[in-house]
Amino acid sequence: MATSSSSKFSYSYLGLVNIITCGIELCSSAAFCYLPPMLLEAGFSESLMSTVMALGPLCALIFLPIMGTLSDQCKSRYGRRKPFIFALCIGIAISLILLPYSTNIGSFLGVILPEKTTSILILAFSVVLLDFCTQIAYTPIESLLSDPCENEEQHNRSFSVFTFMMSIGGCLGYWVTASDWSSTRLGWYFEGQEHCLFAILLATFLFTSIVSLLIINDPQVVDSSEKLDEVRSIPSNVSISSNGSISSKSETSVKRASPSITVPNNNSIVSTNTIPPKTESKDSLELPQVTQASFMRRPLQTLLLCPCVVAASFLPKMICEPIMDTIEAMRTMPLSLRRLWVSDFFACTAVMGFRLYFTDYVGEALYHGNPESEPGSAGRIQYEQGIRMATWGLFLHSVTAALYSLVIEKFITAYGTKMTFLFGMGIFTIMTGVMMNVSHVSTTILLCALTGFASATTSTVPYTLLTAYHEKEEVFYPDLDPKHSHLHGKGADIALLDSAYIMSEVISSFVFGIVVAATDSTTSYIVCSFLCGALACYTFRKVKCI
């Protein structure tokens, strides 16, 4: 579907494109409320459950930058980003089908394989697949929104709509989770709450993904060298104008013009980011050494590098080359991008840790419940009541994020990206600081609602800045070596920035849990979020802003 340049930034087009964003966030926020109890009921221990839940983000951490690089280089006739979006949608749909029916599939395959083992393996695979696909699905969408942007107004509008639709998806996800479907006709038809919920998620996701994939305009990329070859093959008495029309021309004038002619059309983009030919063979690929000195200089960047180095050590050479490009892109991040990555990592860790553990904090610290109590006991009932109340708090958190995303574009225009970021993360830090010292449920839910400003901020400001960096690389990337410029396409850099979000989930899952185990208090979840929010504000002071 062809779309004019101006209509790509209309609210109607951006809204339709981002319907898939709403669907992904709906599935992510709703499904993961059910995954831990599903794993426990299937026979997983607490430690094994944590391992399974961490596998998806760890896989995404390795393959996300690789996908960004590959999408920048993709020359499919369907565009650079759409093939990756389609493939990830297939993965999400498969996982939503397998999750509620893992036991049934295990029973069906029980004639040839052990029934219980098969069910457990299918359930674990489905959890990892859903987590992996939902983690990296936003990257090609963000790149798709960023590609046509040419000025600050377009950046702000594109990502404010993206954030709004993501927040709406979160609201719907928490609402669907909090609703009792077992007493409805749908619940009766699907024989229970769990099956009904996943059927609703699957139907909604398929509808949103189909609509967006039909609406998305993702032009094919044509290499500039290929275009020049095509032009040189044209007879010397023919010239092609910028609109594609053909006219006769004298041989002398064509020879003068031919070195600089390109042939754009309505369905392609001429890419000048061609990758220089590599003279070394694949056998000569060498993995970079992760030394103590490199870790001391750039600890977070080295931490991100380690999983990719390990993966490249075991994968076949035909897959190893894009991983090596990714590793090199991580090592050669320009200073502006590196500072933005560090600040975004702390901000995402604060928000992600808060959203992951707020329900547990309310259930144990405020309602004094016990998740390990027997079902039906007083401690278990109080904990479940706290979980439901916390879910409504997160619902209000998403509502705040959705409302703020409607005006964040104007905030950025009026006050700049730095003040907008510090405002959102500053409110989050203050609210979590107050939350540590209050025990009133209603006050805590109100404070939770106000933390939604940070959620909208982390989904908008970093990507607005990154898009601006690529529009003015000579200003923001002066330290980028020209021989590494092909490693820092817009999609690759967005993937690197998204890796901060994914790593924040891994870090918050493990580190926050260790701190709580050491202090024996779920209030430590809020303390950790407060500290990460403060670090995000501090590190953002050095980020180059527009």
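The shortest heavy-atom contact between Phe540 and Thr417 is CE2-O, 4.1 Å. The minimum heavy-atom distance between Ser405 and Ser160, with the atom names listed, is O-CB, 3.4 Å. Scanning all heavy atoms of the two residues, the minimum distance from Ile85 to Leu144 falls at CD1-CD2, 4.5 Å. For Ala350 against Cys532, the heavy-atom pair with the smallest separation is CB-CB, 3.7 Å. Heavy-atom minimum distance, Thr429 versus Gly533: OG1-C, 3.3 Å. Considering all non-hydrogen atoms of both residues, Ile408 and Thr457 come closest at CD1-CA, 4.2 Å.
Distance alone, capped at 3.5 Å, is enough to place a donor-acceptor pair between the Thr204 side chain and the Ile200 backbone. Listed for the Ser455 side chain is no donor-acceptor partner under 3.5 Å among the backbone atoms of Thr451. A distance-only check finds no donor-acceptor pair linking the side chain of Ser459 to the backbone of Ala456 [under 3.5 Å]. With hydrogens and angles disregarded, a donor-acceptor distance shorter than 3.5 Å links the side chain of Ser398 to the backbone of Leu394. Within the 3.5 Å criterion, the main-chain N or O of Asn217 finds a donor-acceptor partner in the side chain of Tyr13. Proximity of a side-chain donor or acceptor of Ser212 to a complementary backbone N or O of Leu16 within less than 3.5 Å is detected. A donor-acceptor contact shorter than 3.5 Å is absent between the side chain of Ser343 and the backbone of Leu340. A donor-acceptor distance shorter than 3.5 angstrom exists from the side chain of Lys82 to the backbone of Ile216, with no hydrogens or angles considered.
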Q) Ile526 and Tyr357: side-chain contact (heavy atoms from CB on, under 4.5 Å), yes or no, with the steps? A) CA-CA 8 Å; Ile526 308 301; Tyr357 297 113; over 6 Å; no

Q) So Phe423 and Tyr415, ring pair (Phe, Tyr, Trp, His ring centres under 6.0 Å) or not? Walk me through it. A) CA-CA 10 Å; Phe423 170 75; Tyr415 302 107; 8.8 Å; no

Q: Using the side-chain contact (heavy atoms from CB on, under 4.5 Å) rule, take Val362 and Ile387 through it: C-alpha gap first, then chi angles, then the decisive distance, then the call.
A: CA-CA 7 Å; Val362 173; Ile387 293 294; over 6 Å; no

Q.
The test is side chain to side chain donor-acceptor pair (under 3.5 Å); show your working for Thr519 and Ser524 and say whether it passes.
A. CA-CA 7 Å; Thr519 60; Ser524 298; 2.6 Å; yes

Q) Yes or no on side chain to side chain donor-acceptor pair (under 3.5 Å) for Thr460 and Thr163, after CA distance, side-chain angles and deciding distance? A) CA-CA 6 Å; Thr460 305; Thr163 303; 2.5 Å; yes

Q: Show the numbers, then the answer: is there a side-chain contact (heavy atoms from CB on, under 4.5 Å) between Thr139 and Phe84?
A: CA-CA 9 Å; Thr139 300; Phe84 294 90; over 6 Å; no

Q: Report the C-alpha distance between Met165 and Ile19 in whole Å, list the side-chain angles of each, state the deciding distance to 0.1 Å, and finish with yes or no for side-chain contact (heavy atoms from CB on, under 4.5 Å).
A: CA-CA 7 Å; Met165 296 302 289; Ile19 285 180; 4.2 Å; yes

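Arg339 CZ to Met333 CE: the interatomic distance, rounded to the nearest 0.5 Å, is 13.0 Å. Note: Thr21 OG1 to Glu25 CD = 9.5 Å, rounded to the nearest 0.5 Å. Rounded to the nearest 0.5 Å, atoms NZ (Lys472) and OG1 (Thr467) are 13.0 Å apart. Note that the OG1 atom of Thr444 and the CZ atom of Phe358 stand 6.5 Å from one another [nearest 0.5 Å]. Rounding to the nearest 0.5 angstrom, the gap separating the CG atom in Leu201 from the CD1 atom in Ile92 is 11.5 Å. The structure places SG of Cys27 at 7.5 Å from CG of Leu130, a figure rounded to the nearest 0.5 Å.
With contacts defined as side-chain heavy-atom distances shorter than 4.5 Å, the pair Trp392/Ile445 does not qualify. Under the 4.5 Å side-chain criterion, counting only non-hydrogen atoms from C-beta, Val128 is in contact with Val52. Between Ile502 and Ile136 there is a side-chain heavy-atom pair separated by less than 4.5 Å. Proximity of Met435 to Phe354: side-chain heavy atoms (C-beta onward) are separated by under 4.5 Å at one or more points. Taking 4.5 Å as the limit, every side-chain heavy atom of Glu142 sits out of range of all side-chain heavy atoms of Leu145. Looking at Phe453 and Met431, their side chains never come closer than 4.5 Å, going by heavy atoms from C-beta outward. Leu172 places a side-chain heavy atom less than 4.5 Å from the side chain of Cys22. Contact annotation: the side chain of Trp341 approaches that of Met503 to within less than 4.5 Å [non-hydrogen atoms, C-beta and beyond].
For Tyr174 and Phe395, the ring centers are positioned 6.0 Å apart or more. Phe346 and Tyr538 have their aromatic ring centers separated by at least 6.0 angstrom.
Residue His470 is tested with Tyr477, Phe476, Tyr463 for a ring pair (Phe, Tyr, Trp, His ring centres under 6.0 Å); the sole match is Tyr477. Applying the side-chain contact (heavy atoms from CB on, under 4.5 Å) test between Leu337 and each of Val342, Leu465, Leu466 identifies Leu466 as the sole match.
Within a 6.0 Å sphere centred on CE of Met419, other residues, nucleotides and ligands contribute 12 heavy atoms or fewer.
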